[in-house]
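One structure is given below, encoded as structure tokens.
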Amino acid sequence: MTNEHPSDRDIRQAVTERYGARARAALGEQAAATADACCAADADGPQPMALQLLQLGTPEGQACSVDGACAPVDAPVDATEDDGVWGSALYDSDQLSDVPDAAQLAAAGCGNPTAIAELSAGEAVLDLGSGGGIDCFLAAKQVGPGGEVWGVDMTPDMVQLARHNAEAVGADNVRFRLGEIEDIPFAEDTFDVIISNCVINLSTDKPQVFREAFRVLKPGGRLRVSDMVLTAELPTDERADLEAWAGCVAGALPVEEYLSHIRAAGFSDVRADCAEETRPGITSANVTAVRPA
């Protein structure tokens with residue numbers, strides 16, 4: 001670790017490399033190399049990076065409803081702890097019955113935003129940081145053939161994976177686009193609902209993300225996000241650690257600061273439902289807000 005704060009470019013590169021490798025592993029493009037590496041490695045040696053990436057995720061706990069800040073704790077976050085529930089384990093098995101295995105394998109979320117999105121048939125939905133598409137496919141079932149779902153992700157390998165998954169299941173109302181959540185590649189007033197799952201914490205300009213989300217939502221549109229938030233300050237060296245950034249820790253904000261950025265973007269009815277902490281100082285939260293009509 002270093003005490004020097006990494007640049008935006010370094011953070012973006014670390015995130016892209018981490019999740020690009022995860023996408024490639026989910027697609028099976030590294031299957032042979034991974035098998036060879038497993039056979040060649042010492043029993044006590046490190047696992048191949050692709051397998052390590054597929055084991056990463058974000059913790060889940062029992063939800064506790066708050067309006068504003070979650071209860072603070074004194075202990076700092078320990079990014080080495082990995083005892084939570086992650087990714088596709090956060091969904092009911094019946095939800096995943098029609099979701100491609102590769103989308104489930106690539107999932108690294110900290111919640112289930114489609115469970116709080118209150119989606120209706122015919123709505124237009126945007127997923128910020130859509131990854132392999134797991135939440136897009138779940139949303140598509142809820143909005144039906146008369147609705148549409150778009151996923152935006154800045155990692156080319158994830159977009160390739162998501163498009164592969166959409167083709168595999170014949171999801172005609174789901175499409176994916178390469179783009180950045182700080183500069184959403186859609187016109188204003190396009191979507192009824194925006195969802196996101198453990199991605200906004202990775203951005204170095206969260207206020208801009210929420211301004212962009214406000215812009216592309218229709219008046220009366222809903223923001224429904226699962227993300228990591230802090231209930232205690234991070235150590236300076238952890239804030240500067242690129243692995244902690246890519247691991248959805250170093251970029252997390254105190255929950256009230258996170259909500260204040262959403263309000264500043266123009267949203268109303270801003271609320272966070274925080275999970276019980278599985279590690280001191282950090283938790284997942286379901287965040288809801290509305291663009292005023």
Side-chain angles (χ1 to χ4, degrees), residues 8-31 33-34 48-58 86-91 96 99-114 125-140 148-169 171 173-186 191 194-204 209 212-213 216 225-228 242-243 245-248 251:
D8 292 354
R9 180 178 179 179
D10 288 342
I11 291 169
R12 187 177 299 271
Q13 181 176 351
V15 170
T16 301
E17 288 177 353
R18 182 187 186 102
Y19 295 100
R22 189 182 188 100
R24 292 190 298 272
L27 276 171
E29 293 175 1
Q30 294 181 337
T34 298
M49 181 58 69
L51 293 183
Q52 294 179 42
L53 287 167
L54 291 174
Q55 294 168 354
L56 295 173
T58 43
W86 309 74
S88 61
L90 297 166
Y91 303 84
L96 300 177
V99 175
D101 290 344
Q104 298 181 43
L105 190 60
C110 56
N112 178 359
T114 60
V125 181
L126 173 64
D127 184 5
L128 300 181
S130 47
I134 186 169
D135 293 309
C136 290
F137 298 123
L138 295 175
E148 64 174 338
V149 180
W150 279 92
V152 170
D153 203 287
M154 74 171 187
T155 304
D157 287 306
M158 277 296 183
V159 175
Q160 179 186 359
L161 170 63
R163 289 173 174 168
H164 167 86
N165 291 334
E167 184 176 356
V169 297
N173 62 340
V174 182
R175 285 170 286 181
F176 298 94
R177 177 175 289 181
L178 185 66
E180 299 177 356
I181 62 175
E182 299 87 356
D183 186 16
I184 298 173
F186 290 96
F191 296 99
I194 289 178
I195 60 174
S196 187
N197 197 347
C198 206
V199 171
I200 296 174
N201 75 83
L202 297 170
S203 173
T204 58
V209 174
E212 279 289 276
V216 301
V225 171
S226 298
D227 211 351
M228 301 305 295
L242 285 173
E243 285 298 316
W245 265 97
C248 301

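Position 1 is the first residue of the sequence, and the numbers go up from there.
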> Which residues pass the side chain to side chain donor-acceptor pair (under 3.5 Å) test with Arg175, sequence neighbours left out?
Replying inline: Glu148
>> With rounding to the nearest 0.5 angstrom, report the CG to CD1 distance, Leu128 to Ile195.
In response: 8.5 Å
> Looking at Val149, Val174, Thr114, which one forms a side-chain contact (heavy atoms from CB on, under 4.5 Å) with Val125?
Replying inline: Val149
> Should Leu202 and Trp245 be marked as a side chain to side chain contact (heavy atoms under 4.5 Å, CB included) after you check the CA-CA gap, both sets of side-chain angles, and the distance that decides it?
Replying inline: CA-CA 7 Å; Leu202 297 170; Trp245 265 97; 5.6 Å; no
>> For Cys136 versus Ser130, what's the shortest heavy-atom pair and its separation?
In response: SG-CB, 3.9 Å
>> Which residues pass the side-chain contact (heavy atoms from CB on, under 4.5 Å) test with Gln13, not counting sequence neighbours?
In response: Glu17
> Taking Asp157 for the side chain and Arg24 for the main chain, is one N or O donor matched with an acceptor at less than 3.5 Å?
Replying inline: no
> Checking side chain to side chain contact (heavy atoms under 4.5 Å, CB included) for the pair Ile194/Val216: CA distance, chi angles, key distance, verdict?
Replying inline: CA-CA 9 Å; Ile194 289 178; Val216 301; 3.6 Å; yes
>> Within this structure, what is the CZ-OG1 distance for the pair Arg9 and Thr16, rounded to the nearest 0.5 Å?
In response: 11.5 Å
>> How long is the straight-line distance from CG of Asn112 back to CD1 of Ile134, given to the nearest 0.5 Å?
In response: 8.0 Å
> Roughly how far apart are Ile200 CD1 and Met228 CE, rounded to 0.5 Å?
Replying inline: 13.5 Å
>> Restricting to non-hydrogen atoms, name the atom on Arg22 and the atom on Ala107 that form the minimum distance, rounded to 0.1 Å.
In response: NH2-O, 2.9 Å
> How would you list, by chain and number, every residue that makes a side chain to side chain donor-acceptor pair (under 3.5 Å) with Asp127, sequence neighbours excluded?
Replying inline: none
> If every non-hydrogen atom of Tyr19 is compared with every non-hydrogen atom of Cys248, which pair is closest and at what distance?
Replying inline: OH-SG, 3.6 Å
>> To check you understand the geometry: which heavy-atom pair defines the closest contact between Asp153 and Gly129, and what is its length?
In response: OD2-C, 3.4 Å
>> Could you measure the distance from the CG atom of Leu126 to the CD atom of Glu212? Nearest 0.5 Å is fine.
In response: 10.5 Å
>> Checking Asp8 now: which residues fulfil side-chain contact (heavy atoms from CB on, under 4.5 Å) with it, not counting sequence neighbours?
In response: Thr204
> Any idea which heavy atoms bring Gly131 and Ala162 closest together, and the distance?
Replying inline: O-CB, 3.5 Å
Give every donor-acceptor pair under 3.5 Å between a side-chain atom in residues 176-184 and any protein atom, sequence neighbours left out.
from: Arg177; atom 1: NH1; to: Pro185; atom 2: O; distance (Å): 2.4
from: Glu180; atom 1: OE2; to: Arg12; atom 2: NH1; distance (Å): 3.4
from: Glu182; atom 1: OE2; to: Ser203; atom 2: OG; distance (Å): 2.6

>> Could you work out, with side chain to side chain donor-acceptor pair (under 3.5 Å) as the rule, every residue matching Ser226, not counting sequence neighbours?
In response: Asn286
> Between Asn197 and Cys110, is there a donor-acceptor pair closer than 3.5 Å when you use the side chain of the first and the backbone of the second?
Replying inline: yes
>> Which heavy atom of Gly132 sits nearest to which heavy atom of Met158, and what is that distance?
In response: N-SD, 3.6 Å
> How many angstroms lie between CG in Leu27 and CG in Leu161, if you round to the nearest 0.5 Å?
Replying inline: 4.5 Å
